[in-house]
Amino acid sequence: MSELTRGTFPSMMKDPYADATTQPFWDAAAEGRLCAPRCRDCGTFILPPKPFCFTCQGQAFEWVDLPGTGTVYTFTVVRHPLSAQLADVVPYVSGVIELDGTQGAGARLLLNITDADPESIKIGDQVRVWFDQVSDTLPLPRAKMA
């Protein structure tokens with residue numbers, strides 16, 4: 001495990017284990033861009049990427065760059081380490097981020113919000129997505145307060 005930082009949950013993964021459905025997301029992440037597939041039939045954004053649209057069952061997607069900003073939809077503050085090895089990490093904030101640029105389609109990501117004050121974060125706070133290069137092949141998306 002790499003160096004532990006308070007507020008940043010360490011990645012246990014070192015590779016994105018991408019497939020044909022998710023590879024475009026990871027390619028963009030490697031360039032520091034947040035993108036998402038949008039169904040060509042109904043316009044729904046699908047995150048995480050899946051082979052079918054959950055709204056219309058369409059299978060044709062276009063990849064769209066998003067601004068990389070969003071709003072805290074909900075969150076939790078983790079105050080107790082999942083294991084003794086993670087004692088230096090807590091407290092940390094894990095939040096569901098509603099992404100800007102998805103035209104109300106509700107595209108959301110579950111992200112570690114790395115610089116949030118656990119005592120003052122609230123629903124509706126603005127955040128920016130950033131990519132933490134945790135290995136040579138894994139740019140892990142996280143969020144920080146905007």
Side-chain angles (χ1 to χ4, degrees), residues 1-78 81-83 85-118 121 123-146:
M1 192 178 311
S2 61
E3 182 179 327
L4 299 178
T5 303
R6 185 165 314 281
T8 301
F9 189 81
S11 175
M12 303 305 167
M13 293 177 28
K14 298 301 177 199
D15 190 77
Y17 302 102
D19 59 19
T21 302
T22 62
Q23 189 63 54
F25 176 88
W26 296 112
D27 290 344
E31 297 172 358
R33 296 182 296 113
L34 178 64
C35 71
R38 179 172 56 197
C39 177
R40 290 181 189 245
D41 295 328
C42 72
T44 300
F45 283 87
I46 309 295
L47 276 176
K50 300 196 180 329
F52 294 91
C53 174
F54 59 81
T55 301
C56 73
Q57 301 303 305
Q59 297 179 48
F61 297 95
E62 62 182 334
W63 284 84
V64 177
D65 281 342
L66 300 175
T69 56
T71 305
V72 175
Y73 180 79
T74 191
F75 69 94
T76 188
V77 176
V78 178
L82 297 172
S83 70
Q85 302 156 309
L86 298 174
D88 291 336
V89 173
V90 294
Y92 66 90
V93 179
S94 183
V96 176
I97 308 305
E98 188 152 6
L99 299 170
D100 293 339
T102 59
Q103 296 108 3
R108 299 179 183 135
L109 284 177
L110 176 61
L111 300 174
N112 176 201
I113 305 172
T114 57
D115 70 341
D117 175 1
I121 189 169
I123 291 171
D125 281 348
Q126 299 297 302
V127 296
R128 174 166 296 284
V129 176
W130 67 284
F131 294 93
D132 185 0
Q133 194 69 45
V134 298
S135 75
D136 290 341
T137 59
L138 182 59
L140 186 66
R142 299 186 191 268
K144 58 175 65 175
M145 304 305 289

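We're numbering straight along the sequence, starting at 1. Worth knowing before you read on, the calculation uses all heavy atoms, side chains too, and leaves out hydrogens, waters and symmetry mates. In this text the structure is predicted, and so the values were computed from the model without any measurement.
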(message) Strictly below 4.0 Å, N to O, side chains only: are Arg33 and Asp65 in salt-bridge contact?
(response) yes
(request) Assess whether side chain to side chain contact (heavy atoms under 4.5 Å, CB included) is satisfied between Leu138 and Gln133, documenting all intermediate values. (result) CA-CA 6 Å; Leu138 182 59; Gln133 194 69 45; 5.5 Å; no
Measuring from atom [atom1] of [X] to atom [atom2] of [Y], what distance do you get when rounded to the nearest 0.5 angstrom?
| X | Y | atom1 | atom2 | value |
| --- | --- | --- | --- | --- |
| Cys42 | Gln57 | SG | CD | 9.5 Å |
| Arg142 | Ile97 | CZ | CD1 | 13.0 Å |
| Tyr73 | Leu99 | OH | CG | 13.0 Å |
| Ile46 | Thr102 | CD1 | OG1 | 11.0 Å |
| Phe52 | Phe61 | CZ | CZ | 8.5 Å |
| Ser135 | Met13 | OG | CE | 8.5 Å |

(message) Is it true that, when you exclude Asp136 itself, more than 12 heavy atoms of the residues, nucleotides or ligands shown sit nearer than 6.0 Å to its CG?
(response)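 No, because the 6.0 Å sphere around CG of Asp136 holds 12 heavy atoms or fewer from other groups.
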(request) Apply the test side chain to side chain contact (heavy atoms under 4.5 Å, CB included) to residues Tyr17 and Thr22: give CA-CA distance (whole Å), side-chain angles for both, the deciding distance (0.1 Å), then the verdict. (result) CA-CA 9 Å; Tyr17 302 102; Thr22 62; over 6 Å; no
(request) Classify the ring geometry between Tyr92 and Phe9 as parallel (under 30°), tilted (30 to 60°) or perpendicular (over 60°). (result)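 Tyr92 vs Phe9 ring planes: tilted.
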Hey, are the side chains of [X] and [Y] touching, using non-hydrogen atoms and a 4.5 Å cut-off?
| X | Y | value |
| --- | --- | --- |
| Pro24 | Pro49 | no |
| Asp125 | Ile113 | no |
| Thr71 | Gln126 | yes |

At their closest point, which heavy atom of [X] faces which heavy atom of [Y], and how far apart are they?
| X | Y | result |
| --- | --- | --- |
| Phe25 | Cys35 | CD1-O, 3.3 Å |
| Met145 | Val127 | SD-CG1, 4.0 Å |
| Val89 | Pro10 | CG2-CD, 3.9 Å |
| Ile121 | Ala116 | CD1-CB, 3.8 Å |
| Pro139 | Trp26 | O-CZ3, 3.5 Å |
| Thr137 | Asp15 | OG1-OD1, 2.9 Å |

(message) Looking at Asp88 and Arg6, would you say the former's side chain and the latter's main chain have a donor-acceptor pair under 3.5 Å?
(response) no
